[in-house]
Amino acid sequence: MQSKFRLSRSEDFKRVRRIGKSYAHPLVVLVIQARGDSTPVRMGVAAGKAAGNAVQRNRAKRLLREAMQPLLASLASGWDLILIARPAIVTASLEETRLALTSLLQRAQILPADES
RNA sequence: CAGGUUGGUCGGGCAGUUGCGGCUCUGCGUUGUCAGAGUCGAGGAAAGUCCGCACUCCUUAGAGCACGGCGUCGGAUAACGUCCGGGGCGGGGAAACCUGCCGGACUAGGGCCACAGAAACAAACAGCCGCCCCCUUCCGCGCCCUCUCCUUCGGGAGAAGGGUCGCGGUGAGGGGGGGUGAUGGUGAAAAGGUGGUGUAAGAGACCACCGGCAUUUGCAGUAAUGCGAAUGGCCAGGCAACCCCCGCCGGGAGCAAGGCCAAGCAGGGGUGAAAUCGUCUUCGGACGAUGGGAGACUGCUCGUCUCCGAUCAGCCCCGGGUAGGCUGCACGAGCGUCGCGGUAACGCGCCGCCCAGAUAGAUGACUGCCCAGAUGGGGUAACCCAUUGGACAGAAGGCGGCUUAUAGACCAGCCUGAGGC
RNA sequence: CGGGGCGUGGCGCAGCCCGGCUAGCGCGCUUGCAUGGGGUGCAAGAGGUCGGAGGUUCGAAUCCUCUCGCCCCGA
């Protein structure tokens, strides 16, 4: 993912976590917040200590980024997203992660339901 | 060949598509949070953060105390609590080999050693004594008394009884003194061991052998130490991973160190003391000395340094602001081949190489073939087919170690066993 | 990067400094009695590799080293 679509500031993370809406799945939690303008979607990925050691946390974040890659083009504009990894994602495959993300984004009404 | 053991190396490989980060080059009616091309892109432990360094800053860091660490010898190293090679005392193993510990416990001192035991290190208690004194009792002899018999009337004899009597005892008991040192069920541990001589009883008191200690000394070794010799005297419990003593080392903080730039905020509040003298003077003050005060040197003392007569500055405390960029930061105690020195750790030399630098944090995904491995089937076997499948783990300033995790594969040395030539 | 603390029956804690005693206390648990039954009360009882490994010592929950897990603080 190119760095201009990333969420990189600590205050951005704090803001989204504080006032954003969250959607949960056994593999991952999605937090979204509307920015109000029409700039492209920005997203950040997080994995806490509960996800495992450093290798497992990095794998979870890579898996989430890789699964998000083909979905980015069809997302609505003007949103900041945070994906938080849960422990179960360590044993999940790329396809399972992509299905989980698709259902979460559709529930959040950012991804049109007819595409998949 | 099988098993064991030690050391070392690797820890999937090749190709393609795509994604991400750094660097270089090129392109642009668009100089960018741009596009394209090339190239590089995790480890043996990157981990835990247990030691040691370099480096940076702190008002030089100087001395002493305190505190902390280390402790056989020699060497390596920038340094180390690390490594290499030795020594001593143990433990495991049939062997190769592995493994633990290492200054001082009389000649500084304190403390502890539960239970048991007489006693836990210093004597006492019980015991032993044919050593001395006293008392009681018993025995023997003598003397005396009573009794019996004999008599020359002086006494004599006796197998009987007795004594505030004497002597002796190789009898028994008690008390006191003295001697004695290991006999005292114990215990982890009890002041050399065995045998003899000796003695009132005993004991290194003495003797023989053995063990250990101290001093002197010979040989080997750089040394720790080893193998001996002579002499001495039996003085010598354990714990310093209890305090302690001796020797050596350590100033403190740490890359969020530190430097530069940009932005922002208020030099806003509190707090403390004592002056005196001299010189110069533009008469505002400046400098110097003495004394004192405040503060710093991360615990204390000395010592050193900074500031102080001012509504000003400094120090200390509170409060306020910032949370961005660049650098430090990748040419280094660097890596590799070869040669030389050294038993080795390691050192020296020549040549070659440049080898991650992210900052919400880059290595991922997919496909094909191969290589170990596992399972199933076929085959006497080599092997073939199918399925499956590769551990521990991710840089965040760097380096040297230590420790811990780790599927497996390969190489070499050594030991034991079996077989063949 | 630096510093500190904790781990002991099911739960919450003592004991550790300065080694030895049956590892103790409260709640909980089991059984019995008292009650028509429950609560409650009384009596009896079970339950602990002292986080793990190694060492020092005659002897370790305690001392030393390494290690695992958890928590807290400062920059």
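All chains are named by letter (A, B, ...) in the order of the sequence lines, taking the proteins before the strands, and each is independently numbered beginning at 1. Note that the structure is predicted; figures quoted are calculated from it, not measured.
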Legend entry - Watson-Crick or G-U wobble partner of B:U59, both distances under 3.5 Å: none

Inset, instruction - Report whether A:Tyr23 and A:Met68 are members of the same hydrophobic cluster (ILVMFWY, side-chain heavy atoms less than 4.5 Å apart, transitive linking). - result: yes

Inset, instruction - Using heavy atoms to find the nearest nucleotide of RNA chain B for A:Lys61 and A:Val55 separately, return the residue whose nucleotide is more 5′. - result: A:Lys61

Legend entry - Identity of whatever pairs with B:U107 - Watson-Crick or G-U, under 3.5 angstrom: none

Inset, instruction - Write down the distance separating the P atoms in B:A396 and B:G259, rounded off to the nearest Å. - result: 25 Å

Pairs: protein N or O with nucleotides 363-367 of chain B N or O, under 3.5 Å:
from, atom 1, to, atom 2, distance (Å)
B:U363, OP2, A:Arg62, NE, 3.3
B:U363, OP2, A:Arg62, NH2, 3.4
B:A365, OP1, A:Arg59, NH1, 3.4

Inset, instruction - May I ask which nucleotide in the shown strands pairs with C:C27, Watson-Crick or G-U wobble, both distances under 3.5 Å? - result: C:G10

Legend entry - B:G142 and B:G161, which share atom name P, separated by this distance in whole Å: 16 Å

Legend entry - Counterpart base for B:U77, defined by Watson-Crick or G-U wobble contacts under 3.5 Å: none

Legend entry - Within one Ile-Leu-Val-Met-Phe-Trp-Tyr cluster: A:Val55 and A:Val45, side-chain cutoff 4.5 Å: no

Inset, instruction - Check whether A:Leu99 and A:Ile110 end up in the same hydrophobic cluster, where Ile, Leu, Val, Met, Phe, Trp and Tyr are linked by side-chain heavy atoms less than 4.5 Å apart. - result: no

Legend entry - Distance in angstrom units between A:Asn58 CG and B:C20 P, rounded: 18 Å

Legend entry - A:Gln56 CD - B:A47 C1' separation (whole Å): 14 Å

Inset, instruction - Let me know the distance between CE of A:Met68 and C1' of B:C20, rounded to the nearest Å. - result: 17 Å

Inset, instruction - Just jot down the side chain to side chain contact (heavy atoms under 4.5 Å, CB included) partners of A:Gln56, sequence neighbours excluded, or say none. - result: A:Asn53, A:Val90

Legend entry - B:A190 versus B:G169 - spacing of their P atoms, nearest Å: 45 Å

Inset, instruction - Just label B:A42 as syn or anti from its O4'-C1'-N9-C4 or O4'-C1'-N1-C2 angle, using within 90° of 0 for syn. - result: syn

Legend entry - Pairing partner (Watson-Crick or G-U wobble, both distances under 3.5 angstrom) of B:G7: B:C411

Inset, instruction - Apply side chain to side chain contact (heavy atoms under 4.5 Å, CB included) to A:Glu95 and list each qualifying residue two or more places apart in sequence or on a separate chain. - result: A:Ser93, A:Arg98

Legend entry - Gap between atoms CG and C1', on A:Asp80 and B:A360 respectively (whole Å): 13 Å

Inset, instruction - For A:Arg59, enumerate each residue passing the salt bridge (Lys or Arg N to Asp or Glu O under 4.0 Å) test, keeping only those at least two apart in sequence or located in another chain. - result: none

Legend entry - P-based separation of B:G175 from B:C167 [nearest Å]: 26 Å

Legend entry - B:C355: syn or anti, per glycosidic angle within 90° of 0: syn

Inset, instruction - Check every atom of B:A395, B:A393, B:A360 against the side chain of A:Ala54 and return the nucleotide holding the closest atom. - result: B:A395

Inset, instruction - Identify the nucleotide, in any strand shown, that forms a Watson-Crick or G-U wobble pair with B:A294, with both distances under 3.5 Å; if there is none, say none. - result: B:U306

Inset, instruction - Write down the partner of B:G64 under the Watson-Crick or G-U wobble criteria, each distance required to be under 3.5 Å. - result: B:C300

Legend entry - Distance between C1' atoms of C:G5 and C:G55 (Å, rounded): 25 Å

Inset, instruction - Decide, for B:G195, between syn and anti: a glycosidic angle within 90° of 0 counts as syn, anything else as anti. - result: anti

Legend entry - P gap between B:A240 and C:U57, integer Å: 6 Å

Inset, instruction - Could you measure between the two P atoms, the one in B:A386 and the one in B:A393, and give it in whole Å? - result: 35 Å

Inset, instruction - With P as the reference atom in both, quote the distance from B:G111 to B:G299 in angstrom, rounded to an integer. - result: 35 Å

Legend entry - Test item: A:Arg57 side-chain N/O and A:Gly52 main-chain N/O as donor-acceptor pair under 3.5 Å: yes

Inset, instruction - Output all residues satisfying side chain to side chain donor-acceptor pair (under 3.5 Å) with A:Arg15, sequence neighbours left out; order by chain, then residue number. - result: A:Asp12, A:Gln33, A:Asp80

Legend entry - Pairing nucleotide - B:U26, Watson-Crick or G-U, each distance under 3.5 Å: B:A35

Inset, instruction - List in chain and number order the residues that pass side chain to side chain contact (heavy atoms under 4.5 Å, CB included) with A:Ser103, two or more places apart in sequence or in another chain; answer none if no residue qualifies. - result: A:His25

